[in-house]
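Throughout, protein chains are lettered first and strands after them, A, B, ... in sequence-line order, and every chain is numbered starting at 1.
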Number of protein chains: 2
Amino acid sequence: MSLKHGLLGLLNYGSMTGYELDKIFRDSLSFFWQAKTSQIYRELDTMECHGWLTSERIIQNDKPNKRVYTITDSGKEELGNWLSMPESDIANAMRVKSAFLMRVFFAGETSTEQSLEMLRTYREKCMEASKGMSAAYDAISKYRTVVGNDEKSKYWRIAALYGDAFIHAGLTWADKAIAVLEEK
Amino acid sequence: MSLKHGLLGLLNYGSMTGYELDKIFRDSLSFFWQAKTSQIYRELDTMECHGWLTSERIIQNDKPNKRVYTITDSGKEELGNWLSMPESDIANAMRVKSAFLMRVFFAGETSTEQSLEMLRTYREKCMEASKGMSAAYDAISKYRTVVGNDEKSKYWRIAALYGDAFIHAGLTWADKAIAVLEEK
DNA sequence: GTGTTATACTCAACTTGTTGAATATGACAC
DNA sequence: GTGTCATATTCAACAAGTTGAGTATAACAC
């Protein structure tokens, strides 16, 4: 249900269109949650049916018409419940689901050279992601001025710190793994 | 498609029942891929339809009858293709999907005390997971003797190292995050 | 006037994953 | 003879996520 709650969280900052929500997801939440445009619109529909949102059609002359979504009291309540829900998805948070690691696990079926190649590619992706983090921090600064709340942006920074920590862990792991395979 | 490939990887070690596959998933792959029993049986069905597996019904006297699955040449080919498939899910591997981090991101809506509570719980789960890793290493030793291949178990260790690295990163992140919230 | 980009949204088919119950056998303990 | 555990599998309904194409408007540059 977390996509729904992510959307509620964003709409709690202010009313928005599906298009804007989609962009913010890509810009800033995509590090820890990804959603396709089509899924976002679908979820907005069902959330409106639940009564968590209302929507209003805005006629525009310079651009295509749009639909602006606004969170309702019932939506705010739902968001609050989700935020204070304990345990269950903290346990969930520990869960990794990685096709890549599954490949590492079974890489004994291929050659050492191929496995090293894979790990080196992973290492490079970590380096790229590491550079990309500055964009995330930029996005945080940008949206902080929009939302105008430093207390909230503190939590965004904490989430970004998670990104840094895990990218760094990925790098050092890759180095260690490469070393294990290279030793003879 | 990774559950299918995980099952192929295990069946490549030797023929097994759905029940055994389910247990091995829980024992050793669950760190990076989780699947429900019912899903495993469903996937085995569709994989047999693809011709990646054959199955044989074994009549037992002391226990309920069982169905033993065996990987076919076509299945081995599929496994090989998946293992040498580049890029695509290395990029995927970088992706985190965490409802917990989403909650951190929006935790500004709740009190600092509640947020700290959440982070402390996370920290504890990391500690638990850290202890649980030794069980994973035990499982590796146990299955190494079953599979009888040290070269392969090398990769299992590498996967386990990933677990260690990420649990450790989670711990230090949680400490940092708690420090950020506690500073006034 | 042509191509590109940004805006704005919709749809359908499909695969994957979750929930949770249901069924059945035989061993072993008390 | 009752209860529990380990073995072994099946089913159905539902929720979530993916793929990929399709539709449309208007600004801006060249």
Quiz item: Hey, is the side chain of B/Q60 poking within less than 4.0 Å of OP1 or OP2 on D/dA8, counting only N and O atoms?
Solution: yes
Quiz prompt | Minimum-distance nucleotide to A/Q39 side chain [options: C/dC9, D/dG17, D/dA8] | solution = D/dG17
Quiz item: From the list C/dT18, D/dG17, C/dA8, which nucleotide is the closest neighbour of the side chain of A/P64?
Solution: C/dA8
Practice problem: Report yes or no: is there a donor-acceptor pair, N or O only, under 3.5 Å between the side chain of B/S38 and the base of C/dT19? | Solution: yes
Quiz item: With sugar-phosphate meaning primed atoms plus P, OP1 and OP2, does B/R42 contact a base, only sugar-phosphate, or nothing at under 4.0 Å between heavy atoms?
Solution: base
Exercise. Have a look at A/D22 and say if it touches a base, only the backbone sugar-phosphate, or nothing, with a 4.0 Å heavy-atom cut-off.
Key: nothing
Practice problem: Using ring pair (Phe, Tyr, Trp, His ring centres under 6.0 Å) as the criterion, point out the one residue from B/Y155, B/F31, B/W156 that pairs with A/F105. | Solution: B/W156
Exercise. Please confirm whether any donor atom in the side chain of B/T37 sits under 3.5 Å from an acceptor in the base of D/dT9, or the reverse.
Key: no
Quiz item: Phosphate oxygens OP1/OP2 of D/dT7: is one of them under 4.0 Å from a side-chain N or O of B/K23?
Solution: yes
Quiz item: Whole-Å distance between D/dA26 P and A/I58 CD1?
Solution: 17 Å
Quiz item: Which residue lies toward the 5' end of DNA chain D, B/Y69 or A/N61, if each is placed at its nearest nucleotide?
Solution: B/Y69
Self-check item: Polar contact flag, side-chain donor to acceptor under 3.5 angstrom, A/E77-A/S74
Solution: no
Quiz item: Does B/Y41 place a side-chain N or O at less than 4.0 Å from the phosphate oxygens OP1/OP2 of D/dT9?
Solution: yes
Quiz item: In terms of side-chain heavy atoms of B/D62, which of C/dA27, D/dA27, D/dT9 is nearest?
Solution: C/dA27
Self-check item: Test side chain to side chain donor-acceptor pair (under 3.5 Å) applied to B/E78 and B/K4, B/H50, B/H5, the passing residue
Solution: B/H5
Quiz item: OP1 or OP2 of D/dA16 sitting under 4.0 Å from any side-chain N/O of B/K97?
Solution: no
Self-check item: Phosphate OP1/OP2 of C/dT18: any A/R95 side-chain N/O under 4.0 Å
Solution: yes
Quiz prompt | Over all atoms of both residues, closest heavy-atom pair of A/G108 and B/K152 | solution = CA-CG, 4.2 Å
Quiz item: Are A/L11 and A/I58 connected in a single hydrophobic cluster, I mean Ile/Leu/Val/Met/Phe/Trp/Tyr linked by side-chain heavy atoms less than 4.5 Å apart?
Solution: no
Quiz item: Quick one: is C/dT19 close enough that its OP1 or OP2 comes under 4.0 Å of any side-chain N or O from B/K36?
Solution: yes
